[in-house]
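Here's the structure, in structure tokens; my notes come after.
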Amino acid sequence: MLRVRFAPSPTGYLHIGSARTFIFNWLYARRNGGTMILRLDDTDVERNTQASVDSIYDGLNWLDLSWDEFYRQSDRLDLHRAAAATILEKGLAYRDFTPAAGPDAEEKAHDGMAWRANPGQREMSKEESDARAAAGEPFVIRYRVPRDTGRVVSFKDSVYGDQSKSCDDIEDFALLRSSGMPTYHLASCADDADLHISNIIRGQDHLTNTFKHVLIFEALGAAIPQFAHLPLLIAPDGAKLSKRKHGPVVSVTTYRDAGFLPHSYVNFLCLLGWSPKDNREQMTRQEIIDIFSFEGINRSNAVVNFTEEDPIDPKALWLNGQHLRSLPVAEIMPAVTKVLENAGYTIPADAAHFTSVVDLIRARYTTLLDFAGKGRPYFSDEFTIEPAAMEKLDVAGARALLAKLGERLAADAEFTEASVEAHLRALATERGVKAGVLINGSRAALTGQAVGPSAFHLFTAVGRERAIARLKAVAQ
RNA sequence: GGCGCCAUCGUCUAAGGGUUAGGACGGAGCCCUCUCAAGGCUCUAAUAGGGGUUCGAAUCCCCUUGGCGCUACCA
């Protein structure tokens, strides 16, 4: 039974690296008929926030990602403590009564020799340890890593291959804090064992932690899951992506708010550190599920390409544009509608016409936000005439010609691309001007923009009444 | 400091002993064209450095360099 989990600690916003980890887990589960589990690793009481939990849900929901089972570690503390007790009883762990050193005491590791254990604790007799514990003295439970036995911990990572590390290089890590709360290592492994997680897919920053985890699984008498570590997402400066240092680029909601299609953004994230190896880039979700495997995962970190001027990876933008223009138009209508509503537009009553307008303009847009921005003249009568468009209107005689065209269109009951084109070309010929003057002038009059779709398509997109009114308006 | 991992165009990546080292984004240009996109075509740009092994190395081995991670009673 294939079971995978995504286990974020709710201490910040949903990070794009975390989202990608979820996606790879999800892909693996969906590809192989497994179960996807969402588990909140919230043992760090000090740093957990509800806002962070909400942000994780928001982000995952937006990305249209789902899970089959849900747990929170804070509900499972008894299990963790029992696991610690089991390991202690087996003699594979011991109590350490040394007061907490804190993060600033890192010097101990810099004296040439790595820190492995606090003096006098590991060797303490069971009697003394029990007595001091019974007397209420605070302690932390540490794993008793085998010493001088030549023991080497090994496992085979699905991405990084065979891994091994000498126990002499593993310190006696903590399992249970003096507060009685489990550490990440213990809680994570105890839960993974209890939930029968078969594959652990997570960031490469956990690669070296895995040796400790193998030790814990063994001590628990649990089956050791198959591990797969993912290369990390880093910033152009080579540093780990961080909210503090790199700002909103690390947050999933940034891309939602920037007008990305969720499936397109997932597509982009997948391409960071994974490749289908056949040069495909734009893929539907189903295509990715069908082709996903660990074979395609890289071992080197991937840079999310952004600068202060362009805070969004250009490739993500390009991919979004690809999805935007190639998806069946009906699929993007809900998202487009939402963006327009949020921007305060009245949604056209004629759904078929609305869809055709979206279809007409979408090839020129890269994000959903463009529909509300550049798309304004298509959905509202209040738009300004851009300078470049003004130039087209200021061509000698253009305004009068446009007004005349408006009159002729008003006099003709037929209003199709063909009929409009016929009127426009006839007028141009009649007055001895190039059709371009009227064509470009029409675009400028109808949309206030010098660039856009074919002018003739524009007439029907804007609609008969509006088109005539806009032609008339520029004459004044 | 110790231990571990990683190293192909600016970025994402393909090639895993034999290729003019391929594709994509970005940038530049051409074509198409009523404009702008889209699309098509062309150009730009890479095997970190040094040693081996081999007829032949981006690919295997070693060293160096650089980057990242872990080294907390964070996760």
Side-chain angles (χ1 to χ4, degrees), chain A residues 7-9 11 41-44 46-47 96 98-106 108-116 138-142 157 160 163-166 168-171 173-179 181-185 187-188 203-212 229 231-232 234 236 238-240 268 271-282 296 298-306 310 313-319 321-322 325-326 361-366 388-389 392 424 434-444 449-456:
Chain A
S9 53
T11 57
D41 275 12
D42 55 353
T43 56
D44 186 357
E46 312 278 300
R47 302 200 298 153
D96 180 346
T98 312
D104 21 270
E106 62 195 39
K108 66 184 178 186
H110 284 227
D111 302 336
M113 272 280 253
W115 175 88
R116 291 207 196 84
F139 60 85
V140 51
I141 294 182
R142 289 188 184 282
D157 189 273
Y160 289 87
Q163 302 293 318
S164 59
K165 186 167 185 166
S166 166
D168 292 333
D169 292 321
I170 303 174
E171 77 284 0
F173 53 94
L175 297 173
L176 202 67
R177 303 178 234 204
S178 53
S179 62
M181 290 296 282
T183 63
Y184 157 74
H185 300 300
S188 178
Q204 190 240 44
D205 46 348
H206 286 298
L207 190 61
T208 43
N209 283 334
T210 305
F211 299 105
K212 297 171 187 170
H229 287 86
L232 266 21
I234 57 174
K240 198 164 137 178
F268 170 71
L271 260 17
L272 254 23
W274 172 79
S275 156
K277 295 184 185 287
D278 60 2
N279 285 343
R280 264 192 297 172
E281 304 216 282
Q282 184 194 353
N298 280 319
R299 284 176 292 278
S300 49
N301 292 165
V303 173
V304 177
N305 199 13
F306 64 90
D310 299 298
D313 194 313
K315 195 153 188 171
L317 252 8
W318 167 79
L319 235 201
Q322 293 297 310
R325 69 181 124 266
S326 60
I361 58 182
R362 64 174 172 155
R364 297 170 169 72
Y365 296 170
T366 54
K392 305 286 186 188
L424 186 147
K434 284 194 288 186
V437 172
L438 274 164
I439 289 173
N440 292 322
S442 295
R443 183 180 299 105
Q449 297 166 354
V451 300
S454 157
F456 303 117

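Quick note on labels: first sequence line is chain A, next is B, and so on, each numbered from 1. We use all heavy atoms of the structure for the numbers below, so side chains are in, but hydrogens, waters and symmetry mates are not.
- Listed nucleotides B/rG23, B/rU35, B/rG69 differ in distance to A/K315; the shortest reach to its side chain belongs to B/rG23.
- No engagement by A/R280 is indicated, since no non-hydrogen atom pair under 4.0 Å with the nucleic acid exists.
- The OH-P distance, from A/Y184 to B/rU71, rounds to 11 Å in whole Å.
- Straight-line distance between the P atoms of B/rG66 and B/rA24: roughly 36 Å, to the nearest whole Å.
- Pair check for B/rC43 finds B/rG27; Watson-Crick or G-U wobble, both atom distances under 3.5 Å.
- Between A/R280 and A/D278 there is a salt bridge, since at least one side-chain N of the basic residue sits less than 4.0 Å from a carboxylate O of the acidic one.
- Nucleotide B/rG69: paired with B/rC3 (Watson-Crick or G-U wobble, both distances less than 3.5 Å).
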Do any N or O atoms of the protein come closer than 3.5 Å to N or O atoms of nucleotides 3-8 of chain B, and which pairs are they?
| unit_1 | atom_1 | unit_2 | atom_2 | d |
| --- | --- | --- | --- | --- |
| B/rC3 | O2' | A/K165 | NZ | 3.2 |
| B/rC5 | O2' | A/Q204 | NE2 | 3.1 |

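- By the 6.0 Å contact criterion, CZ on A/R364 is enclosed, its count of non-hydrogen atoms from other residues, nucleotides or ligands being greater than 12.
- Taking 4.0 angstrom as the limit, A/N298 places a side-chain polar atom (N or O) nearer than this to OP1 or OP2 of B/rU13.
- Nucleic acid contact for A/D41: sugar-phosphate only, since backbone atoms but no base atoms lie under 4.0 Å from a heavy atom of the residue.
- Residue side chain A/N209 reaches the base of B/rA75 through a donor-acceptor N/O pair under 3.5 Å, judged by distance alone.
- Taking the side chain of A/V140 as heavy atoms from C-beta on, and the options B/rC73, B/rC34, B/rU71, the nearest nucleotide is B/rC73.
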Look for any protein N or O under 3.5 Å of an N or O in nucleotides 39-46 of chain B and output each such pair with its distance, or none.
| unit_1 | atom_1 | unit_2 | atom_2 | d |
| --- | --- | --- | --- | --- |
| B/rG39 | OP1 | A/Q322 | NE2 | 3.4 |

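- Across all strands shown, B/rU20 has no partner, as no Watson-Crick or G-U wobble contact with both distances under 3.5 Å is found.
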### Query
Using a cut-off of 4.0 Å between protein heavy atoms and nucleotide atoms, how would you tag nucleotides 60-66 of chain B 5' to 3' with B, S and -?
-------
